[in-house]
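These numbers come from the heavy atoms of this one structure, side chains and all, not from hydrogens, waters or symmetry mates. The model shown is predicted, which means the values in this text are computed figures rather than measured ones.
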Amino acid sequence: MIKTEALTKQYGDLTAVDAVSFTVSPGEVLGFLGPNGAGKTTTMRMLAGFIGATSGRASICGHDVDTDSIAARACLGYLPEGAPAYGEMTVRDFLNFVADLRHLRGAARARVEAVIERLQLHGVLTQTIETLSKGFRRRVGLAQAIMHDPPVLILDEPTDGLDPNQKHEVRTLINEMAGEKTVIISTHILEEVDAVCTRAIIIAHGRIVADDTPQGLAARLPSGRLDDVFRSITA
């Protein structure tokens, strides 16, 4: 599971994340929502160990992200904003490289082919990543995140740049994995929250301002529309 306790990140006088505390249990798919600059990506980067917290703590599957970072990262699949990768590598070489980093050997190496099949990457395996469309780059980024079949997934805008069919495929994949994993999804697409999330946290100005099921949030206003609730809370 994922747990944060008063997690805070400051950049000089700017407090990007302000004492954020929450827990995500196995089987939950948490939608992490907020306007641009609210602190979503910063929170995810701290959870993934990409940046350190100013104060507070976070843990992945019981492993402190700061003091036991290797064990925490071994439990985690992370799709960062922009899905950075080595542009000069082919898709096949990059995925094999990720498998090596994750120490997949012997029978476990079959995960590479399983992930290629699941993300429908057969047609681009010999292309270099820098020549891929944004949608295929996103799929390659998702492939590396799930390569080692981690119990925890942190996905920053997982369907960004995908066409409607591809978005549906990724949402189906998330739903298939949801019962066995702990998942956080950062998204600005509110229909995605309805489609895949069992719970939603809204963050604004670095603080949590709402934490409920999508249905519970929608019921806060007579319109019953999640987008209306989002605008009213983050205004």
Side-chain angles (χ1 to χ4, degrees), residues 1-9 14-48 50-51 53 56 58 60 76-83 138 141-142 145 152-162 164 166-168 170-175 177-178 181-235:
M1 69 175 190
I2 301 169
K3 186 175 183 180
T4 72
E5 300 175 66
L7 196 64
T8 300
K9 183 63 179 179
L14 172 66
T15 301
V17 177
D18 191 359
V20 164
S21 299
F22 61 86
T23 299
V24 192
S25 301
E28 277 195 293
V29 180
L30 174 67
F32 206 50
L33 311 174
N36 291 335
K40 303 186 302 297
T41 293
T42 301
T43 300
M44 289 185 154
R45 287 175 176 171
M46 286 190 286
L47 284 171
F50 269 51
I51 59 174
I60 306 288
L76 174 67
Y78 176 46
L79 175 64
E81 185 180 30
R138 207 71 186 144
L142 187 55
V152 173
L153 287 172
I154 295 178
L155 310 175
D156 200 351
E157 303 283 0
T159 62
D160 183 41
L162 303 185
Q166 292 168 342
K167 286 181 180 180
H168 176 73
V170 170
R171 290 169 186 170
T172 299
L173 173 62
I174 292 169
N175 281 327
M177 297 187 296
K181 299 185 187 298
T182 305
V183 185
I184 295 183
I185 299 172
S186 168
T187 182
H188 64 280
I189 305 171
L190 295 180
E191 68 181 52
E192 199 156 89
V193 177
D194 278 330
V196 302
C197 296
T198 59
R199 179 177 156 211
I201 283 178
I202 299 177
I203 184 171
H205 308 293
R207 288 180 170 270
I208 292 175
V209 293
D211 184 350
D212 204 341
T213 64
Q215 296 76 19
L217 287 173
R220 295 188 181 196
L221 288 180
S223 69
R225 291 173 55 87
L226 191 56
D227 53 349
D228 291 338
V229 176
F230 178 81
R231 282 193 292 270
S232 70
I233 290 175
T234 60

Between Thr4 and Ala58 (side chain of the first, backbone of the second, donor and acceptor by atom type, cut-off under 3.5 Å), is there such a pair? no

Please check if atom NZ in Lys181 has more than 12 non-hydrogen atoms from other residues, nucleotides or ligands closer than 6.0 Å. yes

Please report the interatomic distance CD1(Ile154) to CD1(Ile2), rounded to the nearest 0.5 Å. 4.5 Å

With side chains defined as the heavy atoms from C-beta onward, is the minimum distance between Val183 and Val196 less than 4.5 Å? no

Working note: Ile184 + Leu47, criterion side-chain contact (heavy atoms from CB on, under 4.5 Å); need CA distance, chi angles, decisive distance, verdict. CA-CA 10 Å; Ile184 295 183; Leu47 284 171; 3.9 Å; yes

Could you tell me whether the side chain of Thr8 and the main chain of Ala19 form a donor-acceptor pair under 3.5 Å? yes

What closest approach, in Å, do Ile208 and Ser21 show between heavy atoms, and which atom pair accounts for it? CD1-O, 3.6 Å

Taking salt bridge (charged side-chain N to carboxylate O under 4.0 Å, His left out) as the definition, give me every residue that meets it alongside Asp211, ordered by chain and number, with sequence neighbours left out. Arg199

Closest contact, heavy atoms only, Gly141 versus Leu79: C-CD1, 3.4 Å

Give the minimum heavy-atom separation between Asn175 and Ala195, together with the two atoms involved. ND2-O, 3.6 Å

Rounded to the nearest 0.5 angstrom, the CG-CG distance for Leu190 and Leu33 is 6.5 Å

I need the Leu155 CG to Phe32 CZ distance, nearest 0.5 Å. 13.5 Å

Counting distance only, does the side-chain N/O of Ser186 pair as donor-acceptor with the main-chain N or O of Glu157 below 3.5 Å? no

Testing the basics here: between Val17 and Gly39, what is the closest heavy-atom pair and its distance to 0.1 Å? CG2-O, 3.7 Å

Can you name the residues that form a salt bridge (charged side-chain N to carboxylate O under 4.0 Å, His left out) with Glu192, not counting sequence neighbours? Arg171

So for atom CZ, which belongs to Arg220, do other residues, nucleotides or ligands contribute more than 12 heavy atoms lying within a distance under 6.0 Å? yes

Just how far is it from atom CD1 of Ile203 to atom CZ of Phe22, taken to the nearest 0.5 Å? 8.0 Å

Atom CZ in Phe50, atom CE in Met44: separation rounded to 0.5 Å? 12.5 Å

Quick one: side chain to side chain donor-acceptor pair (under 3.5 Å) pairs with a partner in residues 31-41, sequence neighbours left out? Thr41-Asp156

Would you name the heavy atoms of Ala38 and Ala204 that are closest together and state the gap between them? CB-CA, 4.1 Å

Out of Leu30, Val193, Ile174, which one pairs with Ile185 under the side chain to side chain contact (heavy atoms under 4.5 Å, CB included) rule? Ile174

Interatomic spacing from CG in Leu153 to CG in Leu173 - rounded to 0.5 Å: 8.5 Å

side-chain contact (heavy atoms from CB on, under 4.5 Å) for His205 and Asp18? Distances and angles first, verdict last. CA-CA 8 Å; His205 308 293; Asp18 191 359; over 6 Å; no

Provide the closest heavy-atom pair for Pro158 versus Arg138 in the form atom of the first, atom of the second, distance. O-CG, 3.5 Å

